[in-house]
Amino acid sequence: MNETTVVILGAGMSGICMAIKLREAGIEDLVMLEKSESPGGTWNDNTYPGACCDVASHLYSFSFEPNPDWSRAYSEQAQIRSYFEHCVEKYGLRSSIRYGTTVVSAHYEEETGHWLVGTADGENLRCKFLVSGLGQLNLPNTPHFEGAESFQGESFHSARWNHDLDLTGKRVAVIGNAASAIQFIPPVAEQAQQVTIYQRSANYLLARNDSTYSEADKQRYRDHPWLQKLSRLRWFLRQELVLFGAMLSGSLRQRLVTKVARQYLEDEISDPRMREQLSPDYPMGCKRVLVSDDYYQALVKHDVDLVTSLIVGIGPEGVRTQDDIEREVDIIIYGTGFRATEFLAELDVRGRNGIALKDSWADGAEALRGIAVPGYPNLFLLYGPNTNLGHNSIIYMVEAQVKYIVQCLDKVLAHDLKSLEANERASANFNQRLQAELEKTVWGGECGSWYKNDSGKITNNWPHTATRFAFSMRSPDFTEYNMSV
């Protein structure tokens with residue numbers, strides 16, 4: 001049986017950052033287990049046409065690894081994936097990554113203080129520390145509709161795009177209209193004969209105002225790195241000071257950003273009926289605020305039908321809605337997002353006394369500072385419960401988490417501890433305060449967002465600014481942990 005100090009689940013953004021910083025701290029005995037054949041995580045999985053980032057390029061990158069060669073203010077999927085591949089090569093992580101390895105279980109051994117990690121091919125690895133870099137957006141959500149299995153055309157989820165399928169001249173149904181869908185609908189509409197969008201609820205949409213970086217721009221960033229740092233700071237402060245305010249119920253900034261979004265809708269959509277269909281009936285920020293320069297424009301320019309009647313079933317020829325209309329289509333694309341509240345759902349994780357993590361999280365996932373879970377010693381989570389943002393770069397958040405976790409591992413190794421485990425009372429107090437603060441935000445409203453689980457618990461978002469999160473994570477308070485020797 002192979003044994004190592006650290007096993008990192010996933011070679012996406014979080015896992016790569018964790019591995020780089022562990023090596024810088026002198027912890028080089030690590031293995032990264034990645035189910036795909038290349039790094040990049042969500043940017044490796046989501047290859048649909050039009051895929052790009054909602055956060056500006058200079059901000060959606062590691063602070064310690066700026067990239068002066070971004071081609072656009074908001075980068076496309078292929079370039080982001082290439083950036084993470086570059087990080088893997090530059091920081092010498094290739095030899096530490098085992099591609100094509102699907103993890104199915106992780107069991108804690110109380111006698112040894114180690115984790116036993118099992119893979120789909122029957123191999124077991126033992127490690128002192130287990131770090132999950134699987135995040136929140138790795139399990140595609142494909143809702144079940146009655147009769148869906150009888151559909152005679154092609155169907156797939158946007159995160160599993162069928163690139164072999166030619167959409168030219170086809171009648172395409174798109175189920176969903178959120179972050180991924182508004183990106184792939186415009187290029188799909190360019191190819192397809194007709195597109196029918198099945199919208200469950202409208203979204204607040206802001207103009208992306210994307211732009212390209214010229215070769216002269218790139219050269220300036222190479223010659224004067226401080227210019228890129230200044231650009232990063234400008235984007236960061238814009239998100240912190242303006243967009244975060246839109247998440248605060250009743251705030252002036254929420255009213256201002258709402259007005260901007262409504263004006264954008266009015267400017268681009270002249271049809272009163274479609275404008276009404278695209279107008280949200282909930283406060284700004286309750287669901288993810290979207291950005292696009294071509295979604296509204298595609299609805300007007302191409303043969304696109306927007307349907308707001310609920311889907312009641314799928315038949316051999318098409319999609320049937322509550323208004324008793326069945327629209328015939330050739331292809332169904334599910335733009336229905338991810339099972340974001342089901343953290344580590346596909347793994348059998350068992351801690352002390354063999355208790356399954358899914359049972360500990362029966363009422364909704366939670367962790368001390370989004371990092372550690374009572375009953376699961378030496379297990380650390382990246383982009384875990386309540387560490388998501390509705391306004392800023394998740395990479396900034398993950399860097400703060402990585403710094404915190406490295407200090408936790410240093411504590412165990414420096415003092416030759418058997419384990420470090422979140423204290424149950426400290427975790428409960430932290431999450432009680434957190435949920436009370438979350439209820440004060442716009443996410444406490446009822447709008448059907450993916451930030452909440454089925455019982456209404458907000459499992460995904462952090463209620464404050466990214467700056468406040470980083471400040472709170474600057475160093476662990478070890479009185480919040482139990483230490484075993």
For a side chain to side chain contact (heavy atoms under 4.5 Å, CB included) check, start with the C-alpha distance between Glu421 and Ser484, then their side-chain angles and the critical distance, and finish with the verdict. CA-CA 8 Å; Glu421 177 184 352; Ser484 299; 5.7 Å; no
Given the rule in the side chain to side chain contact (heavy atoms under 4.5 Å, CB included) test, do Arg23 and Leu30 qualify, once you have shown the distances and angles that lead to the verdict? CA-CA 9 Å; Arg23 286 193 162 185; Leu30 61 91; 4.1 Å; yes
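Contact check for Ile20 versus Leu93: side-chain heavy atoms found under the 4.5 Å cut-off. You'll find the side chain of Tyr83 stays beyond 4.5 Å of the side chain of Trp43, heavy atoms only. Side-chain atoms of Asn67 and Ser57, non-hydrogen and from C-beta on, never get closer than 4.5 Å to each other. When side chains are defined from C-beta on, Thr102 counts as touching Lys35, because their heavy atoms get closer than 4.5 Å. No side-chain heavy atom of Val442 sits less than 4.5 Å from a side-chain heavy atom of Tyr282. At a threshold of 4.5 Å between non-hydrogen side-chain atoms, the residues Ile16 and Cys87 count as touching. Here the side chains of Leu379 and Tyr108 are not in contact, with every heavy-atom distance at 4.5 Å or above. Within the 4.5 Å cutoff, side-chain heavy atoms of Phe236 are placed close to those of Thr467.
For the pair Asp54 and Arg208, the salt-bridge criterion is met [side-chain N within less than 4.0 Å of a carboxylate O]. Taking a cutoff of 4.0 Å between a charged side-chain nitrogen and a carboxylate oxygen, Glu123 and Arg98 qualify as a salt bridge. Taking a cutoff of 4.0 Å between a charged side-chain nitrogen and a carboxylate oxygen, Lys440 and Glu437 do not qualify as a salt bridge. Using a 4.0 Å cut-off between charged side-chain N and carboxylate O, Asp29 and Lys128 make no salt bridge.
Rounding to the nearest 0.5 Å gives a distance of 12.5 Å between CZ of Arg433 and CG of Leu438. Atoms CD and OG1, from Glu3 and Thr5 in turn, are 8.0 Å apart once rounded to the nearest 0.5 Å. Going from atom CZ of Arg238 over to atom CG of Leu233 covers 13.5 Å, rounded to the nearest 0.5 Å. Here NE2 of His415 is found 10.5 Å from CG of Asp410. Values are rounded to the nearest 0.5 Å. To the nearest 0.5 angstrom, His58 atom NE2 is 14.0 Å from Ser63 atom OG.
Under a cut-off of 6.0 angstrom, the local environment of NZ in Lys457 is crowded, with over 12 non-hydrogen atoms contributed by other residues, nucleotides or ligands. Other residues, nucleotides and ligands place more than 12 heavy atoms under 6.0 Å from the CD atom of Glu85. Atom CG of Asp363 has 12 or fewer heavy atoms from other residues, nucleotides or ligands within 6.0 Å. Atom NZ of Lys218 is surrounded by more than 12 heavy atoms from other residues, nucleotides or ligands within 6.0 Å. Environment of CZ in Arg160: crowded, with over 12 heavy atoms of neighbouring residues, nucleotides or ligands closer than 6.0 Å. Sparse packing is recorded around CD of Glu146, with 12 or fewer heavy atoms of other residues, nucleotides or ligands lying under 6.0 Å away. The 12-atom threshold is exceeded at CD of Glu89, counting heavy atoms of other residues, nucleotides or ligands nearer than 6.0 Å.
Put simply, the residue from Glu111, Glu110, Glu109 that forms a salt bridge (charged side-chain N to carboxylate O under 4.0 Å, His left out) with Arg352 is Glu110. Residue His391 is tested with Phe469, Phe244, Trp462 for a ring-ring contact (aromatic ring centres under 6.0 Å, His included); the sole match is Phe244.
Under the side-chain hydrogen bond (donor to acceptor under 3.5 Å, both in side chains) criterion, Ser158 pairs with no residue at all, not counting sequence neighbours.
Between the side chains of Thr459 and Asn453, no donor N or O sits under 3.5 Å from an acceptor N or O. Side chains of Asn388 and Tyr383: a donor-acceptor N/O pair is present below 3.5 angstrom, by distance only. Judged by distance alone, the side chains of Ser360 and Tyr376 do bring a donor and an acceptor atom under 3.5 Å apart. Using modelled atom types and a 3.5 Å distance limit, the side chains of His114 and Asn378 yield no donor-acceptor pair. Checked by atom type, the side-chain pair Asn392/Glu240 shows a donor-acceptor distance below 3.5 Å.
The aromatic rings of Trp161 and Tyr48 sit tilted relative to each other, their planes meeting at an angle between 30° and 60°. Using the six-membered ring where Trp is involved, Phe145 and Tyr334 have ring planes that are parallel, under 30° apart on the 30 and 60° scheme.
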Just list the side-chain donor-acceptor pairs under 3.5 Å for residues 367-374, sequence neighbours left out, or say none.
from	atom 1	to	atom 2	distance (Å)
Arg369	NE	Glu480	OE1	3.0
Arg369	NH2	Glu480	OE2	2.9

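Taking the ring centre of Tyr481 as origin, the terminal cationic atom of Lys411 falls outside the region bounded by 6.0 Å and 45° from the ring axis. Under a cutoff of 6.0 Å and an axis angle of 45°, Arg474 and Phe471 form a cation-pi pair.
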